[in-house]
Amino acid sequence: SLPQRVYHGPYDTKEPMSKIADITGYNNYYEFGLDKSDPARNAGKLKTRPWTVQISGLVKKPQTVDIDTLQSWFPLEDRLYRMRCVEGWSLVIPWLGFPLAALLRRIEPTSGAKYIQFTSLADPAQMPGVRDPVLNWPYSEALRLDEAMNPLTLLAVGLDGRILPNQNGAPLRLVVPWKYGFKNIKAITHIKLLAEQPKTTWSIAAPDEYGFYANVNPAVDHPRWSQATERRIGDLGRRPTLPFNGYAAQVAGLYKGMDLRRNF
Amino acid sequence: MGALIPLLVLVSDFYSGQLGANPIQRAEQQTGVLALSLILLSLATTPLRLLAARVNVRLLWPAKVRKTLGLTGAVYAAVHLVIYGLDKGFNPLGLLSDAVKRPYITVGLTALLLLIPLVLTSRKDSVKRLGFERWTRLHRLSYVIAALGVLHFWWSVKKDHTGPLVALVVMLLLFGVRLLLQNRKKARTGTQGGISGD
């Protein structure tokens, strides 16, 4: 068997890693079905090579790049992060990827760029869930540029030292550990730099329930359920949810002076 | 007894890990769906009996299972509440604040409370004690309970409304059949009274 990977970088949580079977078997990925077990069952068919990512908008170096080229630009890093779903459960996941900031420095946003928008693949031939108009396809997400530049923000290409399983968002997936899981867009095909804040998939689907920021916040409830606690998958009981999912020291400064109740 | 099999399956699934990564949530959902399904099934028995009687007057089995369906539905609703309590760490204050703050809990809990008088008057002698008219009127609460149950289901899902939609359609069909049967009955008694010299 492979040696256990060691996580003691400055960004790694000290909490025990979740079971890989849970990380790869309990997923919200509506492109492959609405049940948590659907992605593991249906995502195998997705062809993740060849794959290109189109980088456009307010950047000095717009381009369409092959995924293997893209990931060869940066040294890959292991990061053990907490992941808190807006539904009230959480996992501790060993990502492998590179900081989004490294990509941004390479493509050079212009001075007018304030937001970064991501778009997923939406191919009904490979993704049975896309035939169901439960969400506005293709899935899209966005970050403010300073959030995107934070060293915690990762583009993941792997999990536990191996290539990313399809159900976890292969070949390229965003990881923003202080935000609810739905911000972590999967199977990214387009990255665009913008001057204005774009609409995002879940905030279009239910604007009163899912905001643009979606920062993990135990003090601001979902309109239908409490966000004060969460169940770590594998536990029977619940534990308190931490502000910014435990990453307040690194990211709280990004939101200084903002009313987080309004900007949820 | 047969209606308790899902409960046994649930318990055995729980111990064998068949409920997946989030077993409490799965158990909560399964008991909720079971409770609502059984309550809707119990509402289907009367129209079914009336239809069956057209084939053969002695076909009474739908009426005989009505009580069992209703009672088992109530049992699953209670188990559903217990699991919800377990999920919230048996915090009565938290439950109470949930009931006030969260409409889907308010609605679900109301449905559950409304089930209590129906369970209490499900004994054989209850109809006699209350009188047929009053008993029937009381048990019309089951329509309200079904409607609240469907609403609770609808509000409790994140985005996938398939299950709640199926429940809603079934409920509306059952209500429709009842209305139809009632109108026919009225029409029949009306005609009989009007044109007697036929």
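So that the names make sense, note that chain A is the first sequence line, chain B the second, and so on, each numbered from 1. Everything numeric in this text was worked out from a predicted model, so none of it was measured.
- The 12-atom threshold is not exceeded at CZ of B:R184, counting heavy atoms of other residues, nucleotides or ligands nearer than 6.0 Å.
- Of the atoms belonging to A:L236, heavy atoms from both backbone and side chain fall under 4.5 Å from chain B.
- A distance of 11.0 Å separates CG in A:L34 from NE2 in B:H161, rounded to the nearest 0.5 Å.
- Within a 6.0 Å sphere centred on NZ of B:K124, other residues, nucleotides and ligands contribute 12 heavy atoms or fewer.
- When each of A:V86, A:D221, A:D132 is checked for heavy-atom pairs under 4.5 Å with chain B, A:D221 comes out on top.
- Of the atoms belonging to A:S226, heavy atoms from both backbone and side chain fall under 4.5 Å from chain B.
- For A:D235, no part sits under 4.5 Å from any heavy atom of chain B, backbone or side chain.
- The shortest distance between side-chain heavy atoms of A:R231 and B:N22 falls below 4.5 Å.
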* Given the rule in the side chain to side chain contact (heavy atoms under 4.5 Å, CB included) test, do B:K158 and A:N28 qualify, once you have shown the distances and angles that lead to the verdict? -> CA-CA 11 Å; B:K158 191 172 159 202; A:N28 271 329; 3.9 Å; yes
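- Interface remark: A:L135 contributes side-chain atoms only to the contact with chain B (heavy atom separation under 4.5 Å).
- Interatomic distance, B:K159 NZ to A:Y30 OH, rounded to the nearest 0.5 Å: 8.5 Å.
- Between the side chain of A:R224 and the backbone N or O of B:V157, at least one donor-acceptor pair lies under 3.5 Å.
- Proximity to chain A among residues 94-106 of chain B is limited to B:K101, B:R102, B:Y104, judged by heavy-atom separations below 4.5 angstrom.
- Within a 6.0 Å radius of NZ in B:K88, more than 12 heavy atoms belonging to other residues, nucleotides or ligands are found.
- Within a 6.0 Å radius of NZ in A:K36, other residues, nucleotides and ligands contribute more than 12 heavy atoms.
- Annotation: side-chain hydrogen bond (donor to acceptor under 3.5 Å, both in side chains) contacts involving residues 35-50 of chain B, sequence neighbours excluded, comprise B:T46-B:R66.
- Heavy atoms of other residues, nucleotides or ligands lying less than 6.0 angstrom from CZ of B:R123 number 12 at most.
- Environment of CG in B:L120: crowded, with over 12 heavy atoms of neighbouring residues, nucleotides or ligands closer than 6.0 Å.
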